[in-house]
Amino acid sequence: MPELPEVETTRRGIAPALLGSRIADMIVRERRLRWPIAAKFETAVRDQIVHGVDRRAKYLLIRVGTGTVILHLGMSGSLRLVSRDTPAKKHDHWDLILDSGMVLRFHDPRRFGSLLWTEDDPARHPLLKKLAPEPLSQEFNGAYLFKITRKRAVAIKQFIMNSHTVVGVGNIYASEALFRAKIAPRRAARRITQAEAVKLANAIKAVLKAAIKIGGTTLRDYVNADGAPGYFRQKLFVYERAQAPCRVCKSPVKQFTQGQRSTYWCSTCQH
DNA sequence: ATGGGCACCTGGCTGC
DNA sequence: TGCAGCCAGGTGCCCA
């Protein structure tokens, strides 16, 4: 479900309610997420004060006095802030109950999400330590992208979705960024020119920023912390628009499969 | 190291 | 109505 803009929208939505609050209790209804929720989790977070709500790639980091909650929304996960008396629905797997009376509730039908606890620096956690730069950082730029694409035979779309290249570019925004940069998704990464690397890095930044600005993309069931959808769907050039006329040149948008994921592109605009 | 494919899971939609 | 088949925003892991 969520890509970086949706995760960031969620982070911004939950941070004000969490920061400075005390976690009064935690309720786990289903421990079987991507990795089982540790038995000690409830004890570890109980009575802790939240002093940070951060994001690294698509992981949300909730920092408390004794450690950090590392959570991932997977494909179908979402977080909502609800009042304490809101009944839990199907697939509402856990609640963090704040002493304010608010509840941070995790909903995830497919259970690809995860909830992990670390007492170490989260940046050193095995799942985080090898991640590439953040797409919106200065470290990620055309020169960097050009350099790491040399000698790489994989298709550029799969390359930009690889978390060793850059983090946070999922299936929607990979197609959208390539459209904006006018690069065909099947091009070998090593065939991208220096100028194209600059255009692509900038396109990735631009599309993610634009999506964050209006709350991300809602395709099926994504909602932010208040339960509202994101509006970036109306701004998509190619994603889920197979057969529809390209918004630039009117020729039909094409679809094919790369690495078991659907790719959308315009063969007239992209080369 | 690199690239490719599979696995994890539920639900919604399509077509017979 | 039922059911099979396919598809869906992610990513870690295993294999060649």
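Every chain is numbered from 1 and lettered A, B, ... according to where its sequence line falls, protein lines coming before strand lines. Note: hydrogens, waters and symmetry copies are ignored here, and every other heavy atom, side chains too, is used. Small disclaimer: the values here were computed from a predicted structure and weren't measured.
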Mind calculating the distance between [atom1] ([X]) and [atom2] ([N]) to the nearest angstrom?
X	N	atom1	atom2	value
A:Leu127	C:dG10	CG	P	16 Å
A:Arg32	B:dC9	CZ	P	8 Å
A:Lys151	B:dT2	NZ	C1'	13 Å
A:Lys58	C:dG12	NZ	P	10 Å
A:Leu131	C:dG10	CG	C1'	13 Å
A:Lys89	B:dT10	NZ	C1'	17 Å
A:His107	C:dG9	NE2	C1'	14 Å
A:Arg190	B:dT2	CZ	P	12 Å

> Looking only at heavy atoms, which two atoms of A:Val166 and A:Glu134 are closest? And how far apart?
Replying inline: CG2-C, 4.4 Å
> If you take all heavy atoms of A:Ser175 and A:Val238, which pair is closest and at what distance?
Replying inline: O-CG2, 3.8 Å
> Mind checking the P distance from B:dG5 to C:dC7? Whole angstroms is fine.
Replying inline: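 Taking atom P in both B:dG5 and C:dC7, they lie 16 Å apart.
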> With rounding to whole Å, what would you report as the distance between B:dC6 and C:dC6 at their P atoms?
Replying inline: 14 Å
Let's see if you can work this out: which of [options] has an atom nearest to the side-chain heavy atoms of [X]?
X	options	value
A:Leu219	C:dG9, C:dA8, C:dT11	C:dG9
A:Ser262	C:dG12, B:dG11, C:dA8	C:dA8
A:Ser163	B:dG11, C:dG12, C:dA8	C:dG12

> Would one find more than 12 heavy atoms of other residues, nucleotides or ligands at under 6.0 Å from atom CZ of A:Arg124?
Replying inline: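 12 or below, so no.
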> Which residue lies toward the 5' end of DNA chain C, A:Gly168 or A:Arg110, if each is placed at its nearest nucleotide?
Replying inline: A:Arg110
> How is A:Tyr59 classified with respect to the nucleic acid when contacts are heavy atoms under 4.0 Å: base, sugar-phosphate, or nothing?
Replying inline: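 Sugar-phosphate, no base atom in range.
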>> Any N or O donor-acceptor pair under 3.5 Å from the base of C:dA8 to the side chain of A:Arg261?
In response: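 Under the 3.5 Å cut-off, the side chain and the base do not form any donor-acceptor pair.
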> Does any donor-acceptor pair link the side chain of A:Arg111 with the base of B:dT10 at a separation under 3.5 Å?
Replying inline: no
Phosphate-side-chain proximity, [X] and [N], N/O vs OP1/OP2 below 4.0 Å:
X	N	answer
A:Tyr173	C:dG10	no
A:His72	C:dT11	yes
A:His91	B:dG11	yes
A:Lys90	B:dG11	yes

>> I'd like to know if the side chain of A:Arg63 and the backbone of A:Asp54 have a donor-acceptor N/O pair within less than 3.5 Å.
In response: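 No.
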> Mind checking who C:dG9 pairs with, Watson-Crick or G-U wobble, both distances under 3.5 Å?
Replying inline: none
> What orientation do A:His93 and A:Phe106 show, parallel under 30°, tilted 30 to 60°, or perpendicular over 60°?
Replying inline: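 Rings of A:His93 and A:Phe106: tilted, 30 to 60°.
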> In a check of ring pair (Phe, Tyr, Trp, His ring centres under 6.0 Å) between A:Tyr239 and each of A:Phe232, A:Tyr264, A:Phe179, A:Tyr173, which one passes?
Replying inline: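 It is A:Tyr264; the other options fail the test.
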> Between A:Gln158 and A:Phe112, which is nearer to the 5' end of DNA chain B once each is assigned its nearest nucleotide?
Replying inline: A:Gln158
